[in-house]
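Since the structure comes first, as structure tokens, the remarks are kept for the end.
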There are 2 protein chains.
Amino acid sequence: MRADARKNYDHLLAVAQKVLQEQGADVSMRDIARQADVGVGTLYRHFPTREALLETLLRSSFDDLAAKAAALENDAAADQALVAWLADIIGFTHEHRGILAPMMSAIEDPDSALHDACVRLKAAGASLLRRAQSAGLARADLDGAELFDLIAALAWLREQPAHAARSERLFSIVRDTILRVDR
Amino acid sequence: MRADARKNYDHLLAVAQKVLQEQGADVSMRDIARQADVGVGTLYRHFPTREALLETLLRSSFDDLAAKAAALENDAAADQALVAWLADIIGFTHEHRGILAPMMSAIEDPDSALHDACVRLKAAGASLLRRAQSAGLARADLDGAELFDLIAALAWLREQPAHAARSERLFSIVRDTILRVDR
DNA sequence: ACCTGAACACCGTTCAAGT
DNA sequence: ACCTGAACACCGTTCAAGT
């Protein structure tokens with residue numbers, strides 16, 4: 001990459017990170033280019049789609065979540081490992097406001113730049129679930145796709161301002177359903 | 001209302017109903033006006049906000065849901081009454097693609113034209129829940145707000161194309177959580 | 001090779017001007 | 001009293017023209 005291009009690329013990423021943090025993942029592409037003092041075309045040249053930008057920005061976070069899942073595979077308590085990871089995912093989507101919608105589209109669109117990251121997350125969750133099920137610590141009649149739906153639904157709720165106060169309560173309800181705990 | 005205004009109003013409603021059905025509740029206001037062969041200003045004059053239009057279009061459906069809830073209050077099986085009504089709500093939001101987002105905003109915005117309808121639904125659900133709880137048929141540690149969140153989350157899932165195949169399965173999982181059924 | 005920004009096709013919403 | 005649609009301030013995305 002040419003030096004000027006590299007500089008634009010890096011600067012764009014830095015600015016995008018800040019702007020996404022402040023405005024959410026659905027901020028306008030124009031706004032990002034504007035804040036970076038760069039033509040819109042330059043933004044699109046480096047990141048042909050919003051998903052490509054999000055993927056680049058969040059790659060390390062996705063890697064962290066995958067690594068965390070892998071580490072938790074060796075955790076003694078298979079149920080607590082699963083729950084801890086679910087909480088991490090929800091925390092992640094909550095930190096990155098607006099990321100859920102593109103992720104939900106990406107999971108069924110193999111051409112999306114976010115597709116692989118989503119598939120990895122889903123697989124990691126499924127694996128943790130299977131392990132908990134093998135240990136008899138999670139309900140057996142649940143598969144990875146259903147688990148993903150439940151997490152996505154909780155993540156969506158968490159994005160609703162009205163719901164904020166009940167966030168932890170509902171997480172624990174769903175958690176107990178997954179683990180099949182009676183209280 | 002003047003005769004020409006009345007005619008525009010009625011025509012606008014008829015066209016909006018058709019267009020919303022085809023395109024979803026987030027269709028552009030411009031498109032509605034265009035399809036109705038009317039200036040945008042005329043649409044805004046009759047319906048100052050998208051919520052006002054939606055409220056008018058769906059008023060009878062909201063009334064039906066409220067009436068249904070009232071009728072179910074006298075149903076012998078308090079648990080089945082609650083579940084049947086939940087299914088109705090989810091069916092309603094699914095029939096009217098795109099209605100969930102404005103409803104979620106409306107419930108915390110007293111100025112929204114949809115606010116009252118949402119509050120009524122929430123209250124109706126809470127009442128059916130209390131009745132089921134009194135009969136010992138629903139878990140006691142759940143309140144109306146939490147129930148509303150759970151329904152909203154299921155309704156949201158149902159709007160996700162990827163989730164379609166698991167829709168009924170997840171409904172039954174959440175249903176059993178609410179009723180606290182062990183299988 | 002890369003950048004720019006005008007251009008195109010859209011929005012939501014308002015409001016002066018017309019009937 | 002009501003209707004119209006241009007006007008304003010935005011979008012996403014592309015691509016000819018410039019460096």
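Proteins get letters first, then strands, A, B, ... in listed order; numbering begins at 1 in each.
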* Asked: Of B:Asp37 and A:Pro48, whose closest DNA chain D nucleotide lies nearer the 5' terminus?
  ->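 Looking at the nearest nucleotide for each, B:Asp37 comes out on the 5' side.
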* **Same cluster (ILVMFWY, side-chain, under 4.5 Å), B:Ile90 and B:Leu128** =>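 Yes, one cluster joins them.
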May I ask you to verify if any side-chain N or O of [X] is less than 4.0 angstrom from the OP1 or OP2 atom of [N]?
| X | N | answer |
| --- | --- | --- |
| A:Arg45 | C:dC2 | yes |
| B:His46 | D:dC3 | yes |
| A:Arg34 | D:dC11 | yes |
| B:Arg50 | C:dG12 | yes |
| B:Asn8 | D:dC3 | yes |

* Asked: Are a donor atom and an acceptor atom from the side chains of A:Glu73 and A:Ser127 found within less than 3.5 Å of each other?
  ->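 Judged by distance alone, the side chains do pair up.
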* Asked: Where the side chain of A:Met29 is concerned, which of D:dC11, C:dT13, D:dG12 is the nearest nucleotide?
  ->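 The listed nucleotide nearest to A:Met29's side chain is D:dG12.
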* Asked: Picking from D:dT13, D:dC2, C:dC2, which would you name as closest to the side chain of A:Tyr44?
  ->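 For A:Tyr44, the side-chain atoms sit closest to D:dT13.
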* Do the ring planes of B:Tyr9 and B:His46 sit parallel (below 30°), tilted (30 to 60°) or perpendicular (above 60°)? ->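 B:Tyr9 and B:His46: perpendicular rings.
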* **Distance in angstrom units between B:Phe47 CZ and D:dC3 P, rounded** =>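 Atom-to-atom, B:Phe47 to D:dC3, this comes out as 11 Å.
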* Asked: With a non-hydrogen cut-off below 4.0 angstrom, is B:Asp26 in contact with a base, only sugar-phosphate, or nothing?
  ->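 Answer is nothing: B:Asp26 stays at 4.0 Å or more from every strand.
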* Across the strands shown, which category fits A:Ser28 at heavy-atom distances under 4.0 angstrom: base, sugar-phosphate, nothing? ->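 Sugar-phosphate: the residue A:Ser28, judged by heavy atoms under 4.0 Å, touches backbone atoms but no base.
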* Return the 5'-most residue of the pair B:Val40, A:Arg2 with respect to DNA chain C, ranking by each residue's nearest nucleotide. =>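 Final value for this comparison: A:Arg2.
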* Asked: Can you check salt bridge (charged side-chain N to carboxylate O under 4.0 Å, His left out) on A:Arg120 and A:Asp116, steps first, answer last?
  -> CA-CA 6 Å; A:Arg120 273 169 75 202; A:Asp116 288 357; over 6 Å; no
